[in-house]
Trainee: 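Can you keep this structure in mind? I'll have questions shortly.
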Amino acid sequence: MDEVWFTDHTGNQKLDNLDEISESIGEGGYYRVNLIPGKLTLLSIDSLPFNSSNYQKSEDVCDAMLNWLEAQFSGAGPDEKFLTMMHIYETASYWEGVNTNWKEDIY
């Protein structure tokens, strides 16, 4: 999938961490883009595995993604800022009669 979004786009081919992006997208659909290295970073989180109907199938992916996210923040420099985005916002399934997508008793 990373070919579609990153390596096939000439502007993205210049990113300094394409190998890291490819690896983390393959693990769980999450990645970081160093917009201004050491200053501004985009963190993209695929929140679909946290959806309550998908959780049992994705526990390892959820744990890996949260560990990765924690490592991004804890390894940041003192002046580094983050933009975050995700695939599904936390009340996305509200219209289906479900009030939450997140397993808040676990995470």
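Here the structure is a predicted model, which is why all the values come from computation and not from measurement. For the single chain, residues carry numbers from 1 onward in sequence order.
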Trainee: Nearest 0.5 Å please: distance from the CG atom of Asn34 over to the CD1 atom of Ile21.
Mentor: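 Output value for this atom pair is 7.5 Å.
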
Trainee: Filter on side-chain hydrogen bond (donor to acceptor under 3.5 Å, both in side chains), then keep only pairs touching residues 68-78, sequence neighbours left out; what's left?
Mentor: Arg32-Gln72

Trainee: Could you check Val61 against Asp63 for side-chain contact (heavy atoms from CB on, under 4.5 Å), going step by step and ending with a plain yes or no?
Mentor: CA-CA 6 Å; Val61 171; Asp63 290 342; over 6 Å; no

Trainee: Working to the nearest 0.5 angstrom, can you tell me the gap between Tyr31 OH and Ile45 CD1?
Mentor: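 It is 10.5 Å, given to the nearest 0.5 Å.
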
Trainee: Output the distance between atom OG1 (Thr84) and atom CZ (Phe73), rounded to the nearest 0.5 Å.
Mentor: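 With rounding to 0.5 Å, OG1 (Thr84) is 6.5 Å from CZ (Phe73).
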
Trainee: With sequence neighbours left out, write down each residue that passes side chain to side chain contact (heavy atoms under 4.5 Å, CB included) with Lys81, or none if nothing qualifies.
Mentor: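 Counting only residues at least two positions away or on another chain, Lys81 forms a side chain to side chain contact (heavy atoms under 4.5 Å, CB included) with Leu40.
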
Trainee: Which distance, rounded to the nearest 0.5 Å, do you find between the CG of Leu43 and the OG of Ser24?
Mentor: 10.0 Å

Trainee: For side-chain contact (heavy atoms from CB on, under 4.5 Å), just list the numbers for Met65 and Leu69, CA-CA rounded to whole Å, side-chain angles, deciding distance to a tenth of an Å, and then say yes or no.
Mentor: CA-CA 6 Å; Met65 191 179 327; Leu69 185 61; 5.6 Å; no

Trainee: Tell me every residue that passes side chain to side chain contact (heavy atoms under 4.5 Å, CB included) with Ala76, counting only those two or more places apart in sequence or in another chain.
Mentor: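 Only Glu80, Phe82 meet the side chain to side chain contact (heavy atoms under 4.5 Å, CB included) criterion with Ala76.
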
Trainee: Is it true that, when you exclude Asn67 itself, more than 12 heavy atoms of the residues, nucleotides or ligands shown sit nearer than 6.0 Å to its CG?
Mentor: yes

